Participant: 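One structure is given below, represented as structure tokens, and several questions about it will come after.
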There are 2 protein chains.
Amino acid sequence: MQELTLRQQEILLWIRQYMADHGIPPTRLALCAAMGFRSPNAAESHLRALERKGAIELVQGVSRGIRLVEEPKEPSGLPLIGKVAAGQPILAVAHIESYEPIAPELFRPVAHYLLRVQGESMRNAGILEGDLVAVHHTLIAQNGQIVVARLEDEVTIKRFYRQGERVELHPDNPDYPVIEVNLKKRALHIEGVMVGLIRA
Amino acid sequence: MQELTLRQQEILLWIRQYMADHGIPPTRLALCAAMGFRSPNAAESHLRALERKGAIELVQGVSRGIRLVEEPKEPSGLPLIGKVAAGQPILAVAHIESYEPIAPELFRPVAHYLLRVQGESMRNAGILEGDLVAVHHTLIAQNGQIVVARLEDEVTIKRFYRQGERVELHPDNPDYPVIEVNLKKRALHIEGVMVGLIRA
DNA sequence: CTTGTAACTGTATATAATTACAGTTACTTG
DNA sequence: CAAGTAACTGTAATTATATACAGTTACAAG
């Protein structure tokens, strides 16, 4: 869609509002009345301009034949992250498997994405392989929270404990080892905190 | 909305389809063409009938002045069932705590409601106290499936095993006992099978 | 058997709506 | 300064659309 003039934006906005209010597109005369035009041709040529710029479509010979052209809107729902390749940001487009129809507001704080769980290291926290963990993207974690952490290009879900420069990443499964990190020696990034879980 | 005749339903459906296709309501003549009427009055009187029965609204003097009347549609999302009172059906209105904005199609087979988990008896299946279990309402369960069962007015979530007249309801937690039921002696109702889980 | 209603045909007409043509004014761009 | 364009006025004509009126046929209910 080409760029619109101020007046054209104003008119497009009014058309949107009219359609929301009335359930049908406006006539030329209605547009005249609303914008204060004294000539129906003013409405006509504005509509033609909007059509030329791709904002609307006009169906000729048809009363109220105005169609809004949909902006290619962003997919709704939460992105589902599958395997995360080494060295790439977790929300890279390449990692997005799909968009799941789940409201981010279902979780508090809101979820920003879903991460598919690999392995059984959090089994005792009720997090099983294949589950989708809802993650709130944040850099700050409290002790004891379940976090999504990146340690040397590996993304992992663990329980977070910190004392000064020492961080411990605890699995909730005695079969797995506790990961100890000295922040001076190894880079650790908190990618977010777990705010929920979905098993489908 | 009053009940519609078959023909009226057909016409209402066509109007819906037309609006979805064209973005605007149809004219009387378009309706004639579609239904094979040779008189515009056939369309007119059908529209009047639909208006009388509350299916649509007609704006007089306005071209394409047909508005669909929204059905007072059921709240979208899945009903969340909290505590189930003894002797009452699980989907009784009184048990519905709220509607959660979750698409039933997120689960396969589709979920019909969510049930809040009480107790830790399914801990090892990754089902914790307070979790919401998505349930597909069905009377049929396979051995080994996790089911919502009603045993003498108690609603419980367990793993289902059946051999002839004997049913065993297994917890996934060694701290809880296996429940054995002889179908000849005690009534057991399967309320549905677990199809997913949400922890918010 | 009458009455009411659904589901139409057929004709006619007023009005709602699109759309063409001929201009004007102000502003921007090469 | 000429040419193009946005943003209009004003008039007119055609076509699209709603809608009234007068009937017909079939069927169901009191």
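On a predicted model such as this, the values are computed, not experimentally measured, just so you know. Residue numbers begin at 1 in each chain, while the letters A, B, ... track the order of the sequences.
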Participant: Expressed as a whole number of angstroms, how long is the span from A:Gln60:CD to D:dT14:P?
Facilitator: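 It works out to 17 Å between those atoms.
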Participant: Write down the distance between CG (A:Leu50) and C1' (D:dT5), rounded to a whole number of angstrom.
Facilitator: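 One finds 15 Å between C1' of D:dT5 and CG of A:Leu50, rounded.
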Participant: Counting side-chain heavy atoms from C-beta on, which of D:dT17, D:dA6, C:dC8 comes nearest to A:Arg52?
Facilitator: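 The answer is D:dA6, which lies nearest to the side chain.
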Participant: Rounding to an integer number of Å, can you tell me how far B:Ile66 CD1 sits from D:dA16 C1'?
Facilitator: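 Taking CD1 of B:Ile66 and C1' of D:dA16, I get 14 Å after rounding.
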Participant: In residues 31-49 of chain B, which ones come under 4.0 Å of DNA chain D, going by heavy atoms?
Facilitator: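 Heavy-atom contacts with DNA chain D come from B:Pro40, B:Asn41, B:Glu44, B:Arg48.
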Participant: What is the separation between atom NE2 on A:His22 and atom P on C:dA16, rounded to the nearest whole Å?
Facilitator: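 Atom NE2 in A:His22 sits about 15 Å away from atom P in C:dA16.
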Participant: Nearest 0.5 Å, please: how far is CG in B:Leu4 from CD in B:Gln9?
Facilitator: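 Rounded to the nearest 0.5 Å, the CD-CG separation comes to 5.5 Å.
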Participant: So, OP1 or OP2 of D:dT17: does either fall under 4.0 Å of a side-chain N or O from B:Arg28?
Facilitator: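 For B:Arg28, the contact criterion (side-chain N or O under 4.0 Å from OP1 or OP2 of D:dT17) is not met.
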Participant: Starting from P on C:dT5, measure out to CG on B:Leu4 and report it in whole angstrom.
Facilitator: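 These atoms are roughly 17 Å apart.
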Participant: Of the listed nucleotides (D:dT19, C:dA6, C:dA17), which one gets closest to any side-chain atom of B:Thr5?
Facilitator: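 The listed nucleotide nearest to B:Thr5's side chain is C:dA6.
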Participant: Please determine if A:Glu44 and A:Arg28 form a salt bridge, counting it only when a charged side-chain N lies under 4.0 Å from a carboxylate O.
Facilitator: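 Salt bridge present between A:Glu44 and A:Arg28.
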Participant: Show your working on side-chain contact (heavy atoms from CB on, under 4.5 Å) between B:Tyr161 and B:His170 and close with a plain yes or no.
Facilitator: CA-CA 8 Å; B:Tyr161 295 96; B:His170 283 237; 3.4 Å; yes
Participant: Mapping B:Gln8 and A:Gly61 to their closest nucleotides on DNA chain C, which lands nearer the 5' end?
Facilitator: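 Per heavy-atom nearest nucleotide, the more 5' residue is B:Gln8.
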Participant: Please report, rounded to the nearest Å, how far the P atom of D:dA18 is from the CD1 atom of B:Ile24.
Facilitator: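 Rounded to whole Å, this separation is 10 Å.
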Participant: Given atom CG of B:Leu58 and atom P of D:dT17, what is their separation to the nearest angstrom?
Facilitator: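 B:Leu58 atom CG is separated from D:dT17 atom P by 16 Å.
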Participant: As an exercise, state the distance from CG of B:Asn124 to CZ of A:Arg123, rounded to the nearest 0.5 Å.
Facilitator: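 Rounded to the nearest 0.5 Å, the CG-CZ separation comes out at 6.0 Å.
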Participant: To the nearest Å, give me how far apart CG (A:Leu29) and P (C:dT15) are.
Facilitator: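 So the CG-P distance, A:Leu29 to C:dT15, works out to 15 Å.
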Participant: Please confirm whether the shortest side-chain N or O distance from A:Ser63 to OP1 or OP2 of D:dT17 is below 4.0 Å.
Facilitator: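 So the side-chain polar atoms of A:Ser63 do come within 4.0 Å of the phosphate oxygens OP1 or OP2 of D:dT17, strictly under.
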Participant: Any Lys/Arg nitrogen of B:Arg7 or B:Glu10 sitting under 4.0 Å from an Asp/Glu carboxylate oxygen of the other?
Facilitator: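 Here B:Arg7 pairs with B:Glu10 in a salt bridge, since their nearest N and O are under 4.0 Å apart.
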Participant: Starting at CD of A:Glu129, measure out to CZ of A:Arg116 and round the result to the nearest 0.5 Å.
Facilitator: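 Reported value, rounded in 0.5 Å steps: 10.0 Å.
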Participant: Tell me if the CZ atom of A:Arg166 is crowded by more than 12 foreign heavy atoms within 6.0 Å.
Facilitator: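 Check fails, neighbour count at 12 or below.
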Participant: Heavy-atom nearest nucleotide on DNA chain C for B:Leu6 versus B:Arg64: which residue maps closer to 5'?
Facilitator: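 This one resolves to B:Leu6.
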